Amino acid sequence: MSYPFNQIEEKWQKYWEENKTFSVKEDPSFPKEKRAYVLDMFPYPSGAGLHVGHPEGYTATDIYSRYLRMNGYNVLHPMGFDAFGLPAENYAIQTGTHPAITTEKNINTFRRQIKRLGFCYDWDREVSTCDPEYYKWTQWIFEKLYEKGLAYESQAPINWCPNCKTGLANEEVKEGHCDRCGAQVEKRNIRQWVLKITAYAQRLLDDLDLVDWPESVKLMQRNWIGRSEGASVLFKVKGLEKSLEVFTTRCDTLFGATYMVVSPEHPMIDELVTADRKEEVSKYIAQAAKKSDLDRTDLAKEKTGVFSGSYAINPVNGKEIPIWVADYVLISYGTGAIMAVPAHDTRDWEFAKKFNLPIIEVLKSEVDVQTQAWTEDGIHVNSGFLDGLNKADAIKKMLEFLEEKKLGHKTVNFKLRDWIFSRQRYWGEPIPLIHCPSCGTVLVPEKDLPLTLPEVKSYQPSGTGESPLANIESWVNCTCPKCGGKAKRETNTMPQWGGSCWYYLRYIDPHNSERFVDEEKEKYWMPVDLYVGGTEHAVLHLLYARFWHKVLYDLGQVSTPEPFQRLVNQGMITAYAYQKKNKSLVPTDQVEERDGAFFDKQSGESLERVIAKMSKSLKNVINPDEVIAEYGADTMRLYEMFMGPLQVSKPWSTTGIAGVWRFVDRIWRMAEEKPLTDEEPTKELLKSLNKTIKKVSEDTSTLNFNTAISQMMIYVNDLSKLEALPLKAWKPFILLLCPYVPHLAEELWARTGGKASVCNEKWPEFDEALTVDDMIQVVVQVNGKVRAKLDVSKDASKDEIVSLAKQSENVKKYIDGQTIVKEIVVPGKLVSFVVK
RNA sequence: GCCAGAGUGGUGGAAUGGUAGACACAGGGGACUUAAAAUCCCCAGGCUUCGCGGCCGUACGGGUUCAAGUCCCGUCUCUGGUACCA
């Protein structure tokens, strides 16, 4: 009979639940180094249910957690739900169903699906970000940010998604489109709450050195933070008392600055524009305001701009240079104004060419700067006191000059911008602020938290920058906690990123009603030792969470400067797709396979098999429920780990999982068919076992699950040759299986007379001496080519091996009559002769 | 454009500078069966040879080395990030 996974998996899941096998406590008898916090990025419970991508990371952390437990660790391994979010709210707009109802339903589905996979979560620690008992503390942390001056109100133009009808953070805009829905974002002036993440820019950058994260993710964060060292330079404006301040990384090219540009949104623009230019400039500003970010970047590399009518004085040579208004200068970076050095900057060069502005070479160039910009380094020319100097020396000297004249100074700029934190939507944490006509903005007192969401009749956002909450007068109108006068509540809500900024702390102490997390418990577990999730959060969630954590650290609320010590990104699970010659993809149900080739059923056109993301339209989405129904959880888990390295993307193969099923089933049938015996295993089998324990231990601890599974397959192939299973070779193998196929392992363990749960057993040890074969194959190379393979004893001496090698018939053919000029012997591996 | 990462059989993938292709999938052959499914055993990078063997082969071109998938230089392709950031 084949493995009755339904029955056995249900049996053990029930056992684990009833016996609270995976319940974890802050047991002080575990020393600090024997405690581990293993965390998954919690899911957003969408209506579509679990995707095959979810179990990938969850299985990896599950195997690792179980492995650590068996190695004597106290392991915190929780799961919860990132439950605020737009899909539930959009569904509410369509159907009138309260998002809380939809969300609860979806969470129940997710929980059921996740539990069906047999993970060792401590479910008593489950959290949900939309639970008022949870978001009470999200609001509390916001209040701490506010008290620290890290939250402020702003009216600056922001990215607005017309489809989601809400403002977006810079991090949520991808190539000019909304990261969530793909709509093209617009610019809008809307009152916003903004978090001063820029105040932490330097520390967010520096502390990346403290964590064990993939270099690629660190790099993405470094790029996003975008630190650049340079100088602030003041340019006097002719006829005005004021100066125009610019940021430049190349103050040494100041002699080549032939004009200036201010962004259309620059605050000084009214003063700069002369009466005769007013009409034209106003027209230009209006046009620029209409453009989206995408228009200003992708589509319009063609430079546009207008002359303001004013001139600035170049501080190094006193020359008058024109000030232009152009949208290639961004208001949000630096000071929103630049000095233009067209000879050595491509953008400035294009602009200068278009508007016939002078181009002066100040770095010795290998090209004619009148025909193209020279953006490489060069010795300074035409630069007065800098002539002949290299870049570093010239920057230093220029800075000295500017500082002495009080016209500039060294400074640092960051690309990172403050975090637009308010959303004009319903289904999020209400921002706990009250607007009082006499006291101004006042925090909701801590005792009144959580500030819960009111019921609304319509979930439809107004689209005018007000959330649906603005229409609930009974909720909006309140009394000021300070003066007791009439006041109004803030109607914006928090973005989805708010709740996920600190959930890993709440897992530590999920039911505490006094504090967001108990101090001692926090110290017991933090930081997170391993955090596994998708790379899509490389900048967004991981940057925001680090920011909040650092604020909490500064407030003495948490004990570590960084929340996540080690991060691993799992690769995406992709699918096969079929491509026509014109590169368009054909839905899987329209594809026919004949003799290993693929054809379009309709046109008969031959198709190429390629790898693509799973998508509904391609009909290649794999549903975990169906996979489990067919093969069970153990096989599903094992297959996802066997597909390839955790960190890389790999395509789902329906035949691949069948192979893994055969492996699981083979183990089962072996246990059914072969008697267990107390007889000693053969030496050969013991060697295979010890090699397997060694390989599986090493590979599990380093998350190389695919090769660990390969080794277990090799061992099963060895076991299958036996008539009976020696317990001494069988029981340790069940322990190795336990993290990978826990249900099967429990059942097999019970059948050997072992006491449940096998998860509480000790991980097996191996004997190094038994991992080495007695006979070793040694390769003989002549001039780098393999000419013979010798079987020699592992104890054979170098001389013996060399003499054996020389006697080999095939080797003789290549060395006879030649002079051996070099002999290389790598013990246990090879002999290499160099002959002439 | 810039910055990362990756390119290995028909497929997924293995390989501390030391036998390239472990383990699997798909494929071929055989056993069992009335037959099929399931299962079990065997074969299997390409070319060549009756065979021993030989030659070629890790995207492409060079280099270092007794020895390179692995290290170095250059090129191409793909994936991800970012994009007028001064």
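Note that the structure is a prediction, hence the values are computed from the model and not measured. Letters go in sequence order (proteins before strands), and every chain restarts at 1.
When ring centroids are compared, A:Trp668 and A:Phe5 stay outside the 6.0 Å threshold.
Ring planes of A:Phe355 and A:Trp324: tilted class, angle from 30 to 60°. In this structure, A:Phe705 and A:Tyr740 have perpendicular ring planes: the angle between them is above 60°, well past the 30° mark. Note on ring orientation: taking the six-membered ring where Trp is involved, the planes of A:Tyr3 and A:Trp661 are parallel (angle under 30°, cut-offs 30° and 60°).
Looking at heavy-atom distances under 4.0 Å, A:Asn810 makes contact with sugar-phosphate atoms alone, never a base. Counting any heavy atom pair closer than 4.0 Å across all strands shown, A:Ser228 reaches sugar-phosphate atoms only and no base atom. Among the heavy atoms of the strands, none lies under 4.0 Å from A:Thr535. Looking at heavy-atom distances under 4.0 Å, A:Tyr814 makes contact with sugar-phosphate atoms alone, never a base. The residue A:Lys650 sits close only to the backbone: its heavy atoms come under 4.0 Å of sugar-phosphate atoms, none of a base. Residue contacts shown for A:Val834 are limited to sugar-phosphate atoms, with no base heavy atom under 4.0 Å away.
The shortest non-hydrogen separation linking A:Pro214 to A:Leu567 is CD-O, 3.2 Å.
To the nearest whole angstrom, the two C1' atoms, one in B:U65 and one in B:U11, are 35 Å apart. Across B:C66 and B:G12, the matching P atoms stand 36 Å from one another, rounded to whole Å. Across the P atoms, B:A22 and B:G45 are found 8 Å apart, a figure rounded to whole Å. With both ends at atom P, the span from B:G81 to B:U64 equals 40 Å, rounded to whole Å. Taking the P atom of each, B:G17 and B:C71 are spaced 8 Å apart, rounded to whole Å. When the C1' atom is used for both B:G9 and B:A15, the distance is 15 Å, rounded to whole Å. Taking the C1' atom of each, B:G28 and B:A44 are spaced 8 Å apart, rounded to whole Å. Look at the C1' atom in both B:C41 and B:U48: the space between them is 30 Å, to the nearest Å.
The distance between atom NZ of A:Lys354 and atom C1' of B:C84, rounded to the nearest whole Å, is 14 Å. We find that NE2 of A:His537 is positioned 17 Å from P of B:G80, with the value rounded to whole Å. A:Phe833 places its CZ atom 22 Å from the P atom of B:U65, with the value rounded to the nearest Å.
With a 6.0 Å cutoff to the six-membered ring centre and a 45° limit on the axis angle, A:Lys303 counts as a cation-pi contact of A:Tyr328.
Against RNA chain B, the stretch residues 213-221 of chain A makes heavy-atom approaches under 4.0 Å through A:Ser216, A:Leu219, A:Met220.
For A:Trp224, the listed nucleotide lying nearest its side chain is B:U82; candidates were B:U82, B:G18, B:C40. Nearest to the side-chain atoms of A:Tyr576 among the listed nucleotides B:U11, B:G54, B:G18 stands B:U11.
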For RNA chain B, what is the dot-bracket line, given that a base pair needs Watson-Crick (N1 to N3, plus N6-O4 or O6-N4) or G-U wobble (N1-O2 and O6-N3) geometry with both distances under 3.5 Å, and | means paired with another strand? (((((((..(((.....[....))).(((((.......))))).((((....))))..(((((..]....))))))))))))....
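In this model, a donor atom of one side chain and an acceptor atom of the other lie less than 3.5 Å apart for A:Tyr814 and A:Arg787.
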Just the atom pairs and distances: protein N or O near nucleotides 20-28 of chain B's N or O, under 3.5 Å.
from: B:A22; atom 1: N1; to: A:Ser710; atom 2: OG; distance (Å): 3.4
from: B:A24; atom 1: OP1; to: A:Asn717; atom 2: ND2; distance (Å): 3.1
from: B:C25; atom 1: OP1; to: A:Arg662; atom 2: NE; distance (Å): 3.1
from: B:C25; atom 1: OP1; to: A:Arg662; atom 2: NH2; distance (Å): 2.8
from: B:C25; atom 1: O2'; to: A:Thr655; atom 2: OG1; distance (Å): 2.7
from: B:A26; atom 1: OP2; to: A:Arg662; atom 2: NH2; distance (Å): 3.1

Before giving the answer on side-chain hydrogen bond (donor to acceptor under 3.5 Å, both in side chains), spell out for A:Asn620 and A:Thr588 the whole-Å C-alpha distance, their side-chain angles and the decisive distance to 0.1 Å. CA-CA 6 Å; A:Asn620 59 4; A:Thr588 307; 4.6 Å; no
Could you go through A:Arg609 and A:Gln579, starting from their C-alpha distance and side-chain angles, then the distance that decides it, and tell me whether this counts as side-chain hydrogen bond (donor to acceptor under 3.5 Å, both in side chains)? CA-CA 6 Å; A:Arg609 190 171 82 173; A:Gln579 195 178 53; over 6 Å; no
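Applying the 4.0 Å criterion to OP1 and OP2 of B:C3, one finds that A:Arg222 has every side-chain N and O outside that range. Between A:Lys822 and B:C66 there is a side-chain polar atom (N or O) within less than 4.0 angstrom of OP1 or OP2.
Between A:Asn783 and A:Asp348, the residue anchored nearer the 5' end of RNA chain B, judged by the nucleotide with its closest heavy atom, is A:Asn783. Mapped onto RNA chain B by nearest heavy atom, A:Lys813 and A:Thr249 fall at different nucleotides, with A:Lys813 at the one closer to the 5' end.
Counting heavy atoms from C-beta outward, A:Phe414 and A:Ser228 have side chains that stay 4.5 Å or more apart.
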